Amino acid sequence: SQQGEEDPQALSIQEGENATMNCSYKTSINNLQWYRQNSGRGLVHLILIRSNEREKHSGRLRVTLDTSKKSSSLLITASRAADTASYFCATDAPTGNQFYFGTGTSLTVIP
Amino acid sequence: ETGVTQSPTHLIKTRGQQVTLRCSSQSGHNTVSWYQQALGQGPQFIFQYYREEENGRGNFPPRFSGLQFPNYSSELNVNALELDDSALYLCASSLFSGVETQYFGPGTRLLVL
């Protein structure tokens, strides 16, 4: 399976701290995306990084991609209570018409 | 808000019954993908429809079927429901069938008793 695996499974931090979560995958990809999900609702797209990119920023988010290690990390800086959610990485299939989601990291930001 | 809507929001069925879930894509999007998300797990790809044709399928049995209509709204049909079909069902629309950002609806939570 190409499914990504996030690490850690759960993370609890104080508001204002940085949160880092990692994603590993098994086969070559074209792109990797990170999504957020609040309380079992729909997923919200956060950021897409292409296989020829190594780092990307969006607001308080920083994503890195290491294709040689088949891994990615998502850094949320200066966390807020509203960042409490589950975070998933999604990798694309070789055909590019489906995504494989990992098992997610549950982030709790304590006010 | 992503502009993707799903109905119903919740549904309770009994084993062996059939269910139809509906999804309205974001305006202008011609591709819809369906996912099953069991409690505590990541979404699992069921299938994708592009311009009314199935365009990829995950590891789900044939009793999971779908339709996409000319207005790009979509249905997911599940026959002969099993207890393990209890899950959150998510649809996601995108502009093209290739690798693009997917916009997810809020999901339909199905409980099979």
Side-chain angles (χ1 to χ4, degrees), chain A residues 1-10 21 23-53 56 58 61 63 65 74 85-106, chain B residues 1-7 9-10 23-26 29-51 53-60 86-111:
Chain A
S1 168
Q2 190 172 339
Q3 187 177 34
E5 294 288 336
E6 285 91 346
D7 169 62
Q9 287 188 327
M21 50 205 86
C23 168
S24 60
Y25 56 92
K26 296 180 180 177
T27 63
S28 297
I29 60 170
N30 296 312
N31 303 280
L32 184 145
Q33 302 187 37
W34 285 90
Y35 286 81
R36 185 185 74 210
Q37 184 177 39
N38 290 82
S39 301
R41 294 189 59 76
L43 282 77
V44 175
H45 178 259
L46 295 176
I47 197 165
L48 179 153
I49 186 166
R50 303 193 186 280
S51 59
N52 62 353
E53 297 176 311
K56 204 161 183 180
S58 177
L61 306 180
V63 169
L65 179 64
L74 171 67
S86 292
Y87 292 82
F88 296 90
C89 67
T91 55
D92 63 323
T95 55
N97 66 346
Q98 61 175 280
F99 295 109
Y100 297 96
F101 283 84
T103 52
T105 291
S106 177
Chain B
E1 294 295 326
T2 64
V4 179
T5 60
Q6 291 187 244
S7 63
T9 55
H10 295 83
C23 172
S24 179
S25 299
Q26 188 170 84
H29 286 186
N30 58 19
T31 302
V32 64
S33 300
W34 284 91
Y35 293 85
Q36 180 195 67
Q37 186 178 21
L39 201 61
Q41 300 296 315
Q44 298 292 312
F45 176 76
I46 301 175
F47 44 57
Q48 181 186 85
Y49 277 80
Y50 170 64
R51 293 186 175 179
E53 296 288 331
E54 188 176 291
N55 186 44
R57 189 179 183 92
N59 189 28
F60 280 82
S86 294
L88 180 68
Y89 288 86
L90 297 161
C91 76
S93 74
S94 55
L95 193 54
F96 299 111
S97 65
V99 177
E100 286 288 338
T101 299
Q102 296 193 330
Y103 296 86
F104 282 82
T108 293
R109 187 162 296 281
L110 172 65
L111 177 62

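By convention in this document, chain letters (A, B, ...) are assigned in the order of the sequence lines, proteins followed by strands, and residues within each chain are numbered from 1. Just so it is clear, the structure is predicted and the values come from calculations on it, not from any experiment.
- Contacts of A/E53 classified as side-chain contact (heavy atoms from CB on, under 4.5 Å), with partners at least two apart in sequence or in another chain: A/I49, A/R50, A/K56.
- Residues A/L46 and A/Y87 meet the side-chain proximity criterion, which asks for heavy atoms closer than 4.5 Å.
- For B/Q37, the part lying under 4.5 angstrom from a heavy atom of chain A is the side chain only.
- At distances below 3.5 Å, at least one donor-acceptor pair connects side-chain atoms of A/Y35 with backbone N or O atoms of B/Q102.
- Contact annotation for A/Q37: only side-chain heavy atoms (C-beta onward) come within less than 4.5 Å of a heavy atom of chain B.
- With a threshold of 4.5 angstrom between heavy atoms, B/Y35 approaches chain A through side-chain atoms but not through N, CA, C or O.
- For chain B, the option among A/E6, A/Q9, A/R41 with the highest count of heavy-atom pairs below 4.5 Å is A/R41.
- For the pair B/Y103/B/T101, a side-chain contact is recorded, criterion being any heavy-atom separation below 4.5 Å from C-beta on.
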